[in-house]
Each structure stands twice: as structure tokens, then as C-alpha cells.
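Encoded as C-alpha cells, the structure appears first; notes follow it.
Bear in mind that the values here come from a model prediction, so they are computed numbers and not experimental data.
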Amino acid sequence: MNIISLQIEIFILIFVGYVLSKLQVIDIRLRKGLSNLVLKVVLPASIIQSFELEMTFEILVSCIWVLIASVLIQLLYAFCNLFLWKKQNNPDHRICLQYATMVSNAGFMGMPIAQAAFGAQGLLYSSIFLIPQRIAMWSVGLSLFSKKTSKKELISKVLFHPCIVALGIGVLLMLAEMHGFQMPESIDRSLAAIGGCSTALSMIVIGSILSEVHFSEFLDQTSLWYSAIRTIILPLIILIGCQMVGFSGLGMAVCVLESAMPAPSTVVMLAEGYDRTPLFASRLVFVSTIFSLITLPVWMVFLSGF
């Protein structure tokens with residue numbers, strides 16, 4: 001019942017964003033500002049706070065398993081991209097599909113949901129899970145749109161991404177707390193207040209993005225097929241793979257949940273920046289996000305059993 005209540009809350013927040021955008025309370029400029037606020041301030045604050053738990057040997061081992069699983073999942077995505085979209089005649093559409101297969105909305109949408117569903121430990125595993133994906137999205141992913149990605153640019157985008165920086169700060173704080181250091185209460189409460197906005201702001205922004213795509217475009221066959229792969233087939237393959245190698249528990253549940261997230265909003269930004277049919281990219285985000293509103297509650301209820 002708690003998970004169903006959470007999903008209703010998420011749906012309401014997305015609907016609020018949708019309505020606010022239709023009423024022009026949230027315009028493109030404000031949405032971009034809110035997106036930057038979430039990615040550069042709110043989510044990093046949540047990540048730092050997620051390390052404020054008693055680190056046991058079991059949690060440490062699970063973190064390692066999550067990292068290994070995430071690397072293998074990225075290899076699975078790369079393998080799928082070799083054949084999934086070969087018959088796509090439009091090269092720009094194919095690039096968008098390949099990128100959106102390799103990268104999900106696990107950061108912007110997945111982290112707040114993991115935190116809301118599984119607490120601080122779920123957010124911790126989610127932030128670990130995202131490390132390989134962020135490396136892939138700024139290397140292979142960016143190279144799909146532009147062949148001019150330099151190693152310096154790649155390293156800069158990965159190492160200095162606010163969420164990766166927050167991950168490093170969180171690890172340092174965790175190690176410091178093991179040696180008796182306690183974060184000042186005022187700072188701790190400030191981080192909690194900022195991080196507590198992540199789910200609401202993220203879902204409102206997603207709702208405002210969805211408001212720009214017409215429902216008539218929902219019936220696009222390619223977008224429907226992609227959405228089924230992204231939110232149902234791939235996470236099901238990952239779940240079976242985890243069970244086969246004996247990886248279970250909360251770490252496994254977070255990996256499957258994050259892999260069931262829809263297409264990322266970055267595919268629209270890159271398609272716009274490199275003139276690769278941004279309307280088609282928007283459709284992928286729209287349709288897969290609508291799919292996820294149906295599939296995520298099922299995944300969350302099922303994974304709660306682990």
C-alpha cells in the first residue's frame with residue numbers, strides 16, 4: 001500500500017507540472033532553471049545525505065555488486081544496440097534510439113524514486129549504479145551525436161558532474177564519520193531540507209516536458225516498441241540475469257528499478273543541439289514516460305518482495 005501511495009503521489013506531481021506548463025506558469029526558461037537546480041543542487045544534496053548511514057560489511061559488498069551489475073548492464077545495452085535499430089532507415093532516428101537505449105532517466109527520475117521507495121540505502125545504491133551510465137553517456141553517447149568528443153571533455157564531464165562530486169564528498173564524509181567526525185547539525189538539516197525537494201521538483205519538471213508533446217503522437221509504432229523495450233523487456237532480462245548469478249536483495253531491486261526508467265531528457269537536448277530530429281527525441285521521452293507511469297508501479301510492488 002505504501003508503494004501504491006508513492007506512485008499516486010508521483011503521478012499527482014507529474015500532473016501538477018503538466019498543468020502548470022499548460023497554464024504557462026512554467027515556461028521553457030523556468031523549466032531549464034528547475035532542471036539545473038535539481039541536477040546541480042538538489043540531487044547532490046540527497047546523495048551526500050545518503051551516506052549518513054551505518055556502513056556495514058553487507059552494505060559495502062552490495063555497493064560493489066551494484067557497481068559490477070551496472071557495468072554489465074551497460075555492456076548489455078551496447079550489445080542490444082548492435083541489432084535492435086538496424087532496420088531504422090532514418091539515421092537521426094537511429095542515433096536517438098541508440099542513445100536512449102544506452103541511457104535511461106535513472107538520474108533525474110530514478111534517483112528520487114529509489115530514495116522514496118527504498119530510503120537512504122536505495123539512494124546510495126542508485127548513485128553507485130549511475131557511475132557507469134554517466135561515463136557511457138558522456139563518451140559513447142555523446143560520440144553518437146558528435147564525433148568530436150575529446151578525452152579532456154569526457155573526463156571533465158564525468159569527474160566534475162555535480163552528482164559524481166557529491167558521491168565523492170559522501171564517501172569522504174562516511175570515512176570521516178567512521179573515525180568519530182560528526183557533521184554539524186545545521187549543515188545536516190540544510191542538506192535534508194534541500195534533498196527533500198528532489199522528488200517533487202523532478203516530477204514537476206517531467207510533467208512540464210510531457211505537456212509539449214501532443215497525445216496524437218503517442219501512437220507512433222517506433223516509440224511504442226522502444227518504450228516496451230526500455231521499461232519492460234530490458235529490466236526483465238536484467239532481473240533474470242541477476243537471479244541466475246545469485247545477486248538479490250535491495251541492491252538487485254535498485255538495479256532493476258533504475259533500468260526500468262524511461263528515456264532521458266538529455267536525448268532531447270542533444271538532438272536539439274546537433275540537429276538530430278528533436279521532435280522524434282521528444283516523442284521517445286513522452287511515450288516511454290507515459291509507459292513508465294504504468295510499468296513502474298508494477299515493478300515497485302514486485303521488487304518490494306526482495
Side-chain angles (χ1 to χ4, degrees), residues 2-53 104-130 133-134 160-170 173-174 183-211 254 257-258 261-262 264-266 268-269 285 289 292-293 296-297 300:
N2 287 337
I3 291 174
I4 294 173
S5 177
L6 170 62
Q7 193 58 33
I8 293 173
E9 176 189 344
I10 289 170
F11 179 82
I12 292 172
L13 290 170
I14 290 175
F15 182 71
V16 168
Y18 181 91
V19 172
L20 289 177
S21 182
K22 286 295 186 183
L23 295 175
Q24 297 185 341
V25 175
I26 298 178
D27 56 15
I28 295 177
R29 184 177 178 183
L30 177 57
R31 187 177 73 210
K32 186 176 181 181
L34 288 174
S35 297
N36 285 329
L37 178 65
V38 171
L39 288 173
K40 296 180 180 180
V41 180
V42 177
L43 282 178
S46 297
I47 292 171
I48 292 172
Q49 241 209 347
S50 71
F51 281 86
E52 292 186 24
L53 49 79
S104 71
N105 208 359
F108 197 83
M109 185 177 184
M111 289 177 68
I113 289 180
Q115 181 184 23
F118 302 120
Q121 195 171 334
L123 179 61
L124 172 63
Y125 292 155
S126 177
S127 59
I128 296 293
F129 177 89
L130 275 167
Q133 177 171 295
R134 293 201 188 280
F160 297 105
H161 190 284
C163 290
I164 298 297
V165 172
L167 189 64
I169 293 173
L173 284 174
M174 181 187 68
M183 184 184 294
E185 185 178 355
S186 57
I187 297 178
D188 188 38
R189 292 179 65 179
S190 297
L191 287 173
I194 296 171
C197 301
S198 61
T199 303
L201 285 178
S202 300
M203 298 308 115
I204 287 173
V205 170
I206 288 171
S208 68
I209 292 173
L210 294 182
S211 70
V254 170
L257 184 65
E258 295 298 289
M261 294 297 155
S265 56
T266 49
V268 181
M269 301 175 199
V285 174
T289 303
S292 71
L293 295 179
L296 280 178
M300 291 165 69

Minimal non-hydrogen separation, Ala114 against Glu258, with atom names: CB-OE2, 3.7 Å
Nearest heavy-atom neighbours spanning Ser208 and Ile26: CB-CG2, 4.1 Å
May I have the list of side-chain donor-acceptor pairs in residues 186-197 shorter than 3.5 Å, sequence neighbours left out?
| unit_1 | atom_1 | unit_2 | atom_2 | d |
| --- | --- | --- | --- | --- |
| Asp188 | OD1 | Gln49 | NE2 | 3.3 |
| Ser190 | OG | Ser186 | O | 2.8 |

Leu23 atom CG, neighbour heavy-atom count above 12 within 6.0 Å: yes
Distance, nearest 0.5 Å, that separates [atom1] of [X] from [atom2] of [Y]:
X: Ile113; Y: Met261; atom1: CD1; atom2: CE; value: 4.0 Å
X: Leu296; Y: Leu257; atom1: CG; atom2: CG; value: 6.0 Å
X: Leu123; Y: Ile128; atom1: CG; atom2: CD1; value: 10.0 Å
X: Phe15; Y: Leu20; atom1: CZ; atom2: CG; value: 10.0 Å

Residue pair Lys32 / Asn36, side-chain heavy-atom distance below 4.5 Å: yes
Non-neighbouring partners of Gln133 that pass side-chain contact (heavy atoms from CB on, under 4.5 Å), sequence neighbours left out: Gln74, Val103, Ser104, Ala106, Leu130
Backbone of Leu124 reached by a side-chain donor or acceptor of Ser127 within 3.5 Å: yes
